[in-house]
K.L.:
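Below is a structure I'd like to ask you about.
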2 protein chains.
Amino acid sequence: MTGALTQISRTEHLPARIAAQFARQIQEGDLKPGDKLPTENTMSKNFGVSRTVIREAIAQLRNEGMIETRQGVGAFVIDRPTRHIRLDDRRQMDTHGFRDLFQLRVPLEIEAAGLAATYHRAEHLRQLDEALQRMSVAGGDDGIVADLDFHRIIAAATGNDYFVQFLGAVSDRILQTIVESRERTRLDEIVAIVNREHTELRDAIAARDPVRARAAMRAHMVGSAERIALRLEFYL
Amino acid sequence: MTGALTQISRTEHLPARIAAQFARQIQEGDLKPGDKLPTENTMSKNFGVSRTVIREAIAQLRNEGMIETRQGVGAFVIDRPTRHIRLDDRRQMDTHGFRDLFQLRVPLEIEAAGLAATYHRAEHLRQLDEALQRMSVAGGDDGIVADLDFHRIIAAATGNDYFVQFLGAVSDRILQTIVESRERTRLDEIVAIVNREHTELRDAIAARDPVRARAAMRAHMVGSAERIALRLEFYL
DNA sequence: GTTTTCAGGTTATCAGACAATCATACGAAC
DNA sequence: GTTCGTATGATTGTCTGATAACCTGAAAAC
């Protein structure tokens with residue numbers, strides 16, 4: 001049955017692996033909404049692990065909104081298994097996935113710029129200036145953090161929390177990938193260009209001109225894409 | 001469904017409550033990135049619960065990307081605690097939150113329409129027609145499902161999985177809220193209008209004309225917003 | 001001064017038990 | 001015959017204690 005001695009060891013937690021297996025079964029339709037999962041004791045025996053591990057796996061699935069547990073009854077696949085949106089999967093970021101993520105980011109950033117031009121308050125402008133300042137002074141990692149902050153402040157200036165959440169997660173992941181994959185020696189060379197684009201963006205927002213802010217962000221996104229796309233070609 | 005007399009006895013699990021407490025501490029800055037959490041035994045004593053419960057709470061936080069655990073060392077707040085994007089929070093959807101969510105959806109849908117016009121394949125057109133057909137035939141809940149499907153197919157036609165994920169979660173939540181909050185008697189009246197907008201959208205995509213597809217989606221979004229905004233005024 | 005070894009602490013997993021809750025079947029009351 | 005309460009078994013939730021795997025830091029050996 002359970003050829004338990006072939007267990008791979010030193011990689012992932014046991015619970016995570018088991019949870020992933022059930023997540024796959026649910027997504028592929030082997031387990032349909034309403035279906036009852038095996039009991040914890042059954043799983044424990046089948047997988048050859050303790051019930052503690054099974055319970056942690058189930059807790060993870062429940063936390064992700066895929067299953068629901070009822071004390072005394074069992075665990076069931078939920079009606080509309082809404083697997084959480086997750087960007088930070090261990091899944092490697094290849095060029096294709098990176099392009100997809102960037103493609104998603106662009107419209108969000110543009111819309112955020114327009115909304116920020118309309119809804120921003122004085123403190124946001126102050127924070128933008130502070131981030132600009134930091135970015136022109138510091139190079140390297142600090143510059144990247146300041147860049148992230150700049151965009152985060154724009155998202156916050158929309159007054160819409162969802163933009164903060166979504167854009168935060170997306171651009172976080174994007175910049176992180178950039179940092180990991182490039183030697184970032186070139187960063188100093190382009191800092192001037194980025195700064196010019198950022199300044200235009202900031203001025204458009206300060207002028208409360210949504211059209212101009214959107215145009216500025218679009219230009220910034222196009223510029224960013226070109227700058228990284230050029231580099232990314234090397235990693236194909 | 002039963003009435004709303006279900007009281008708060010809907011007690012959350014012990015692990016969930018403890019995890020929420022630490023999540024709050026992290027988000028409020030009481031626990032900064034890099035900080036070490038108390039050991040499981042310490043927490044177990046402090047909270048007066050068993051270590052099992054503590055472990056489940058920690059597992060949840062780790063799963064949400066807020067902390068990281070190192071065997072033999074301890075649990076630490078992660079560098080950039082990015083709480084997972086979650087739309088399905090128990091948090092009630094008030095008018096404000098609904099508007100924010102819709103505001104987020106609009107640029108994504110428009111961009112998706114443009115990409116779909118460029119990247120769609122024959123099967124997507126077929127699926128779009130099928131959804132259109134279903135929507136014109138069936139009213140009520142089936143019509144809503146078909147509507148959801150229509151937009152989901154457009155997202156899929158982008159060839160970009162992130163759009164499927166994000167738009168799926170967002171519009172799912174939006175339409176679900178609409179269904180819950182309206183008596184949907186009016187739905188049949190507007191079905192003709194929605195169908196016309198959908199058909200124009202489908203034709204623009206079929207023509208592989210991104211500009212036209214974006215315009216069509218923009219019109220559809222504006223129309224949708226007006227239609228619900230009108231209704232939403234009643235629930236203010 | 002560098003390397004090795006060891007001890008202590010911490011998380012990961014295991015094993016078994018009891019408590020709380022639920023579904024079902026059965027029997028009593030009407 | 002129908003309805004209601006109850007017994008009972010199944011299952012999840014929580015507790016307790018123990019062992020294994022792993023890391024850190026300091027003592028010991030060279």
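Side chains included, hydrogens not; waters and symmetry mates left out as well; all remaining heavy atoms used. Note that this is a predicted model, so its numbers are computed, not measured. Naming convention: chains lettered A, B, ... in sequence-line order (proteins, then strands); numbering from 1 in each chain.
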K.L.:
Start with the C-alpha distance between L167(B) and E109(B), add both sets of side-chain angles, then the distance that settles side chain to side chain contact (heavy atoms under 4.5 Å, CB included), and finish with yes or no.
P.N.:
CA-CA 7 Å; L167(B) 269 178; E109(B) 289 279 9; 3.7 Å; yes

K.L.:
Check this one for me: any side-chain N or O of R62(B) less than 4.0 Å away from OP1 or OP2 of dA12(C)?
P.N.:
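Affirmative; the distance criterion is met.
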
K.L.:
Going from CZ on F163(B) to CG on D100(A), what distance comes out if it is rounded to the nearest 0.5 angstrom?
P.N.:
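Output value for this atom pair is 8.5 Å.
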
K.L.:
Rounded to whole angstrom units, what separation is found between the CD1 atom of I54(B) and the P atom of dA12(C)?
P.N.:
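Interatomic distance, CD1 of I54(B) to P of dA12(C): 13 Å.
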
K.L.:
Can you check the F76(B) CZ to dT11(C) C1' distance for me, whole Å?
P.N.:
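That distance rounds to 11 Å.
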
K.L.:
Round to a whole Å and report the spacing from CD1 of I58(A) to P of dT14(D).
P.N.:
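Taking atom P of dT14(D) as the reference, CD1 of I58(A) is at 13 Å.
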
K.L.:
Can you tell me how far C1' of dT12(D) sits from CG of L61(A), to the nearest Å?
P.N.:
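It is 15 Å, rounded to the nearest whole Å.
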
K.L.:
Of the options dA15(C), dT11(C), dA23(C), whose atoms approach the side-chain atoms of T52(A) most closely?
P.N.:
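From the listed options, dA15(C) comes nearest.
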
K.L.:
Between L37(A) (CG) and dT11(D) (C1'), how many Å, whole number?
P.N.:
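In whole Å, dT11(D) C1' lies 13 Å from L37(A) CG.
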
K.L.:
Take the protein atom CG of N41(A) and the nucleotide atom P of dA10(D), then report the distance between them rounded to whole Å.
P.N.:
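After rounding, the gap between these two atoms is 12 Å.
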
K.L.:
dC15(D) P sits how many Å from K45(B) NZ, rounded?
P.N.:
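Atom NZ in K45(B) sits about 15 Å away from atom P in dC15(D).
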
K.L.:
Step through the shown structure and confirm whether more than 12 heavy atoms of other residues, nucleotides or ligands are within 6.0 Å of NZ on K36(B).
P.N.:
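For K36(B), atom NZ is crowded (more than 12 foreign heavy atoms under 6.0 Å).
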
K.L.:
Where does the angle between the aromatic ring planes of H198(B) and H151(B) fall among parallel (under 30°), tilted (30 to 60°) and perpendicular (over 60°)?
P.N.:
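Ring orientation of H198(B) relative to H151(B): perpendicular.
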
K.L.:
For the side chain of R55(A), counting heavy atoms from C-beta on, which of dG13(D), dC14(C), dT16(D) is nearest?
P.N.:
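Nearest to the side chain of R55(A) among the choices is dG13(D).
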
K.L.:
With a 4.0 Å cut-off, would you call R126(B) and E130(B) a salt bridge?
P.N.:
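No, this pair does not count.
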
K.L.:
Name the closest nucleotide to the R51(B) side chain, picking from dT12(D), dC14(C), dA12(C).
P.N.:
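Between dT12(D), dC14(C), dA12(C), the one nearest the side chain of R51(B) would be dA12(C).
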
K.L.:
More 5' along DNA chain C: V53(A) or V73(A), using each one's nearest nucleotide?
P.N.:
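Looking at the nearest nucleotide for each, V53(A) comes out on the 5' side.
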
K.L.:
Nearest of dT11(D), dT16(D), dT11(C) to any side-chain atom of T39(B)?
P.N.:
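Ranking dT11(D), dT16(D), dT11(C) by closest atom to the T39(B) side chain puts dT11(C) first.
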
K.L.:
Whole angstroms only, please: what is the CE-P distance between M43(A) and dT11(D)?
P.N.:
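The distance from CE of M43(A) to P of dT11(D) comes to 11 Å, rounded to the nearest Å.
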
K.L.:
Just N and O in the side chain of T69(B): are any of them under 4.0 Å from OP1 or OP2 of dA12(C)?
P.N.:
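True: T69(B) side-chain N/O within range (under 4.0 Å) of dA12(C) OP1/OP2.
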
K.L.:
Is any N or O donor-acceptor pair between the side chain of Q71(A) and the base of dA20(C) shorter than 3.5 Å?
P.N.:
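For Q71(A), whose side chain was compared with the base of dA20(C), there is a donor-acceptor pair (under 3.5 Å).
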
